[in-house]
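Note that the structure is predicted; figures quoted are calculated from it, not measured. We number each residue from 1, following the sequence as shown.
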Amino acid sequence: MSDWQPPETAPKDGKVFLITLAGPSVDLCCWVEKRQQFEDYFHKQKIRPEWPYMVAWKAIGRLARVCNTEKTSRRENGWMGNYIHD
């Protein structure tokens with residue numbers, strides 16, 4: 001899913017996703033089952049799934065692979081053309 005979705009459809013499965021807030025600004029958010037609310041991922045503040053707190057949400061894409069070395073990390077993420085170190 002790559003398109004922004006309306007706040008009322010935000011997932012309540014605990015996975016972190018992007019939100020756009022009025023401003024506009026982008027933040028990370030997730031559903032916290034224990035408190036039955038959406039929360040800002042870093043500050044743990046309640047986020048209401050409505051304007052202006054959550055204007056839209058979007059799934060986060062695939063994360064970059066982190067390996068033991070820069071060279072291996074670049075190879076695993078398809079960035080070998082940019083590798084300039086030995």
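We find the CH2-CZ distance between W79 and R74 to be 7.0 Å, quoted to the nearest 0.5 Å. For the atom pair CZ of R75 and CD of E70, the computed distance is 12.5 Å after rounding to the nearest 0.5 Å. Going from atom CH2 of W31 over to atom CD1 of I47 covers 12.5 Å, rounded to the nearest 0.5 Å.
The minimum heavy-atom distance between S73 and C67, with the atom names listed, is OG-N, 2.9 Å. Across all non-hydrogen atoms, the minimal contact from C29 to M54 is SG-CE, 4.1 Å.
Panel note: side chain N77, backbone A64; no donor-acceptor pair is recorded below 3.5 Å.
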Under 3.5 Å, which donor-acceptor pairs link side chains of residues 8-27 to any protein atom two or more places apart or in another chain?
{"unit_1": "T9", "atom_1": "OG1", "unit_2": "P6", "atom_2": "O", "d": "2.8"}
{"unit_1": "T9", "atom_1": "OG1", "unit_2": "W57", "atom_2": "NE1", "d": "2.9"}
{"unit_1": "D13", "atom_1": "OD1", "unit_2": "K15", "atom_2": "N", "d": "3.0"}

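E39 pairs by the side chain to side chain contact (heavy atoms under 4.5 Å, CB included) definition with V32, R35, Q37, K44, not counting sequence neighbours.
V55 belongs to a hydrophobic cluster whose remaining members, ordered by chain and number, are W51; membership requires side-chain heavy atoms of ILVMFWY residues under 4.5 Å apart, directly or through intermediates.
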